[in-house]
Amino acid sequence: CSQADLGPISINWFEELSSEAPP
Amino acid sequence: HSIEQTELADVPACDSLNPGNLQLVSKLKNPSGSCSVDVSAMWWEIAGVKEPCIITACEYAVSLWKPLDTGQWEKMYSWHFAEVPVLQIVPMPDVCNLVCVALGNLEIREIRALLCSSDGGCEKQVLLRTGNIHAVLGLTKRRLVSSSRTLCDQQVEIMTLAEGGSEEKQFLMPPEETVLTFAEVQGTQEALLGTTIMNNIVIWNLKTGQLLKKMHIGDSYQASVCHKAYSEMGLLFVVLSHPCAKEREPSGSPVFQLIAINPKTALSVGVMLYCLPQGQAGRFLEGDVKDHFAAAVLTSGTIAIWDLLLGHCTALLPPISDQNWSFVKWSGTDSHLLAGQKDGNIFVY
């Protein structure tokens, strides 16, 4: 699968989503 | 964004496959008269020695079997259930001397921990949870996650089991829709994934209980079951099975699927479909994934095995002694495949 299909990828997705999600 | 782009793996013809890749190592017969429902393998300490044991579940009894030097199995302990039948074994990864079971009729009504008294002398069971339980999974670090519904809402609960079966509880933020299955995410500690009845994948932070993301994975296959999830290079890879998939010609019937999801954008693509070989009929009934191997019992009564890296079915195990297979599990203690029939026969390959 190409990266373009999935949008920008972040290696630190878990930490980033944890800081954005409501507590 | 769409899983329509899924590539079809090379589908070898049926007659090029045989169970020759599988070697029958041993067999055990549960003499209990009731219907056999599940099997698992785990480490259990017996007389000071950790043994790779097999756990069998019949409707009203769960038994622990110890290996003998002769290649045979000896029943060591049995736990009996008088009122509610056993639905499934819930293995606890990385835990010795403790296994959980889910009991109920159509839906799970109880989860119990099975253990032995500290001197190893007698069987003990501890009631952990009751209710309308939809999904349960044993997690690392002696944790057990389960989801249950009340009239108004859904509860997703993590229990940490202490020695002796007593527990600590923590709740995860529930999604609006019912959770069907859970999977730990290899490569990302403290991430838990769930599939929902609306074909969404949800991710939680196990430490904080936060619901991090809800991602729709398309409507090609309803009620997908998640067998494995791992995180690599910023993407989440998920192995799903499709109990509701229709048979498709000429490519065959899709049984498992690997999809890649970007958790940041919630976009997903299909990577691989794992289909039955040409000439084989059937849909997924139940199955198990370990490392890069997937095994499924099909509606035809046959067991099929896929190498997820090669992308195709590598072995077919037809019904033996005119008895359809009814469940299949990979061993948690070695590279064995455990295949079971309703009448209590367990074959170890």
Side-chain angles (χ1 to χ4, degrees), chain A, chain B residues 1-7 170-176 184-193 201-218 229-238 257-273 311:
Chain A
C1 54
S2 74
Q3 190 170 324
D5 295 328
L6 295 165
I9 290 166
S10 168
I11 300 288
N12 299 317
W13 62 269
F14 186 71
E15 292 73 19
E16 289 171 19
L17 292 180
S18 296
S19 66
E20 293 161 10
Chain B
H1 194 193
S2 152
I3 56 172
E4 300 303 324
Q5 302 160 35
T6 296
E7 288 174 29
Q170 177 206 344
F171 290 95
L172 305 182
M173 192 171 172
E176 287 156 11
E184 270 189 294
V185 180
Q186 293 171 17
T188 301
Q189 263 198 338
E190 304 303 331
L192 179 73
L193 182 146
I201 283 187
V202 289
I203 303 177
W204 290 275
N205 183 328
L206 277 170
K207 207 166 186 178
T208 62
Q210 290 166 292
L211 179 61
L212 300 181
K213 200 84 172 179
K214 187 163 96 172
M215 303 168 290
H216 193 63
I217 51 166
Y230 59 97
S231 172
E232 213 168 271
M233 305 294 284
L235 290 176
L236 196 55
F237 292 88
V238 181
Q257 185 186 24
L258 175 66
I259 63 171
I261 307 168
N262 182 349
K264 285 289 285 182
T265 61
L267 299 174
S268 62
V269 290
V271 178
M272 189 79 86
L273 270 181

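Note: hydrogens, waters and symmetry copies are ignored here, and every other heavy atom, side chains too, is used. Only a predicted model underlies this, so the values are computations on that prediction, with no experimental measurement involved. In what follows, chains are A, B, ... by sequence order, proteins preceding strands, each numbered from 1.
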Next on the checklist: Taking side chain as everything from C-beta outward and backbone as N, CA, C, O, which of these in B/Thr208 sits under 4.5 Å from a heavy atom of chain A? Side chain, backbone, both or neither.
Outcome noted: neither
Next on the checklist: Nearest 0.5 Å, please: how far is CG in B/Leu236 from CD1 in A/Ile9?
Outcome noted: 11.5 Å
Next on the checklist: Quick check: closest heavy atoms across A/Phe14 and B/Trp204, and the distance to 0.1 Å?
Outcome noted: CE1-O, 3.8 Å
Item to check | Inter-residue atom distance B/Leu212.CG - A/Glu16.CD, 0.5 Å rounding | outcome: 11.5 Å
Checklist entry - What is the distance from atom OG of A/Ser19 to atom CD of B/Gln210, rounded to the nearest 0.5 Å? => result 8.5 Å
Item to check | Minimum heavy-atom distance between A/Trp13 and B/Ala191, given as atom pair plus value | outcome: CH2-CB, 4.5 Å
Checklist entry - Are the side chain of A/Asp5 and the backbone N or O of B/Ser268 linked by a donor-acceptor pair below 3.5 Å? => result no
Item to check | Shortest non-hydrogen contact from B/Thr265 toward A/Leu6 | outcome: OG1-O, 2.7 Å
Checklist entry - If you measure from the Lys or Arg side-chain nitrogens to the Asp or Glu carboxylate oxygens, is any gap between B/Lys264 and A/Glu20 under 4.0 Å? => result yes
Item to check | Which atoms of B/Leu211 approach chain A - backbone, side chain, both or neither, heavy atom under 4.5 Å | outcome: backbone
